[in-house]
Amino acid sequence: MQYAIIVYETEQDFKDRTDPSKVHINMGAYFAYSQALNAAGVARGGAGLQLPETATVVKIKDGKRRVQDGPFMDSKEQLGGFFIIEAANLDEALAWAAKCPAAGATGVEVRPLLPPPPM
Amino acid sequence: MEIIEQTARTSYGKLLAILTKASNGDVALAEDVLSQAFIKALEVWPVSGAPANPDGWLVKTARNAIIDRFRHLKVQDHSIELLLDRLEQNTTDYPDQRMALLFVCAHPAISEEIRTPLMLQTVVGLSIEQIASAFLLSPAALEKRLVRAKKKIKEAGIPFEIPEKTELSARLEDVLDAVYAAYGTSWNEMTESLESEALFLTRLIVETLPAEAEPKGLLALMQFSSSRKIARRFAGRYVPLDEQDVQLWDKKLLNEADAHLRSAFELKNPGRYQWEAAIQSGHVARRLLGIDNQRDLLALYRVLITTAPSVGAWLSYAGAFLSFDEDLEAQKILNALESEGVERHQPYWVLKATLAAKLGQLSEAVKFYEQAIGLTEDAAVVVFLRAKLDHLPK
């Protein structure tokens, strides 16, 4: 079964990404985590996202386009990226989630993926 | 009301165990009537004042609920009636039933991974959220598993008793393993550490079964480990045993650990936990008194591996060889473990990295440290490993 480990970050977390002294949460930590997922053969995909201010929201309402700058949600915690992993069950997925650097900062959300559409 | 909270904290497991016995081993029923009794206490006590004997009041109230329940089920069981009579006559000085409840929780018919949560819920009285956080489980899933386990206890007729002498040590091993699993959550220094709960349960077992050696060994093992807790951290960084400031070790706890280990070995029935505690004791003596006991320690590791072989035991054996500069021996063990599915074991990669660094295989060492960091949950350990990686010769 596949699960998404969804990373949420605060403004501080986004800054810490490039702080060499924040070794448990910076890019180096994410690099090590991705490597561990790969080596265990459970990594199925994922991506890190650029800062929330680089986001653009598009909506089509009553046939009219609405485009806005900034992320979809106006909240303190923003989507920072996600990992897709293969796990036997939720317990195993939670064990991987706890090792994700973001779990030690703001937190991660674990959600099962829908099964792929029939071919 | 403070008195209700306090009674819940200090007496919950005790009362639940008594009521489980009174309801013929039906833990779920006992939990039900006990929580009803607590709800009633919340209604009655603030109005009419707390009773002189809160435990007795709660048991009596819960007892009436059990009688109602059995009447409702139209079950005629005279042994239960008899027990309830005894309970009514004497609600204060009732023999402690918690040990029997621990044996129910760790019964071979109960699946291994739910035994510890079951103990923590029934005997310690922890909430689902607390247990789920400590073991990284979804609270909803954990609750379902606990309900299923309690149903099994009832339907399979798991006996509510301390096993006979002939099977006591085998069954006791399961109980101790489950308690030790709770202690294991404290190594990570996560917010919901169950260290004090595990120590509490082990003390309870030591007191109830004073003629058994392994509970004393387990208590010693936990105390040796807990005594170094503060020394294991410095400025947000993990500090390994050999670099710890021994002044920070809890000497009182160390003495207690020593005393428990000694009285365990006096019973002349050694086992896994006594050997593990003996290894800890050896490391303590080595650091504290500067005794050169490397040979003895390695011999103890060998005994442990023969008594209770596990990947963890092999890894700590390899770790001992590494810290005593017997790199080839360490390498042999690590190579042999490769086929044992250790690639998700963080300590395995730490040892591989340490070994590679010692042998001057630097690019390998970088790779292995990265791998270990990726498998580490504890930020303080990440900081420690990253420093090791950064200080590799370029």
Side-chain angles (χ1 to χ4, degrees), chain A residues 1 3-7 9 12-13 16-44 46 48 81 83 85-112, chain B residues 111-114 117 131-145 184-185 187-192 235-238 338 341-346 348-350 352-353 366-391:
Chain A
M1 190 153 182
Y3 291 86
I5 297 173
I6 305 160
V7 170
E9 289 176 88
Q12 185 60 47
D13 296 337
D16 289 347
R17 283 178 170 190
T18 49
D19 184 340
S21 73
K22 300 283 172 62
V23 294
H24 64 288
I25 179 80
N26 63 19
M27 292 317 285
Y30 279 98
F31 178 72
Y33 180 62
S34 311
Q35 224 183 3
L37 291 175
N38 279 322
V42 300
R44 292 293 178 273
F83 297 86
I85 63 158
E86 181 76 41
N89 49 43
L90 179 62
D91 294 2
E92 214 180 285
L94 293 183
W96 280 115
K99 295 178 172 72
C100 180
T106 297
V108 296
E109 181 180 315
V110 178
R111 267 212 234 179
Chain B
S111 72
E112 224 174 302
E113 66 276 4
I114 200 69
I131 303 168
S133 298
F135 290 101
L136 268 179
L137 299 167
S138 126
L142 173 64
E143 187 160 24
K144 261 191 222 140
R145 285 178 215 175
T185 61
W187 292 332
N188 252 327
E189 312 252 331
M190 296 180 299
T191 43
E192 290 278 1
R237 178 176 177 266
Y238 165 78
E338 218 165 299
V342 283
E343 59 282 335
R344 293 186 193 188
H345 253 68
Q346 186 259 19
Y348 170 75
W349 293 106
V350 176
K352 289 269 280 187
V366 170
K367 204 174 98 200
F368 298 153
Y369 271 126
E370 291 276 6
Q371 187 71 16
I373 290 168
L375 290 171
T376 305
E377 190 182 324
D378 189 336
V381 178
V382 171
V383 173
F384 164 75
L385 292 172
R386 184 61 72 181
K388 287 264 177 203
L389 200 166
D390 288 344
H391 287 102

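Proteins come first, then strands; the chains are lettered A, B, ... in the order of their sequence lines, and each starts at number 1. The structure displayed is predicted, hence computed values, not measured ones.
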For [X] and [Y], which heavy atoms make the closest approach, and how far apart are they?
| X | Y | answer |
| --- | --- | --- |
| Val382(B) | Val23(A) | CG1-O, 3.5 Å |
| Ala32(A) | Arg386(B) | CB-NH2, 4.4 Å |
| Leu90(A) | Ser138(B) | CD2-CB, 3.4 Å |

Any salt bridge (charged side-chain N to carboxylate O under 4.0 Å, His left out) involving residues 22-40 of chain A? Give me the pairs, sequence neighbours left out, ordered by first then second residue. Asp16(A)-Lys22(A), Asp19(A)-Lys22(A)
For residues 86-97 of chain A, the salt bridge (charged side-chain N to carboxylate O under 4.0 Å, His left out) pairs (sequence neighbours left out) are Arg44(A)-Glu86(A), Asp91(A)-Arg145(B), Glu92(A)-Arg344(B)
Say you draw a straight line from CH2 of Trp96(A) to CG of Leu375(B); how long is it, rounded to the nearest 0.5 Å? 5.0 Å
With rounding to the nearest 0.5 Å, note down the distance linking CD in Gln35(A) to CD1 in Ile373(B). 9.5 Å
Step through the shown structure and confirm whether more than 12 heavy atoms of other residues, nucleotides or ligands are within 6.0 Å of CD on Gln12(A). yes
What do you reckon, is CD of Glu143(B) surrounded by more than 12 foreign heavy atoms closer than 6.0 Å? no
When only heavy atoms count and the cut-off is under 4.5 Å, which of residues 97-104 of chain A reach chain B? Ala98(A), Lys99(A)
With sequence neighbours left out, what residues match Glu343(B) under side-chain contact (heavy atoms from CB on, under 4.5 Å)? Trp349(B)
Which answer fits Val42(A), side chain, backbone, both or neither, if we ask what part of it has an atom under 4.5 Å from a heavy atom of chain B? side chain
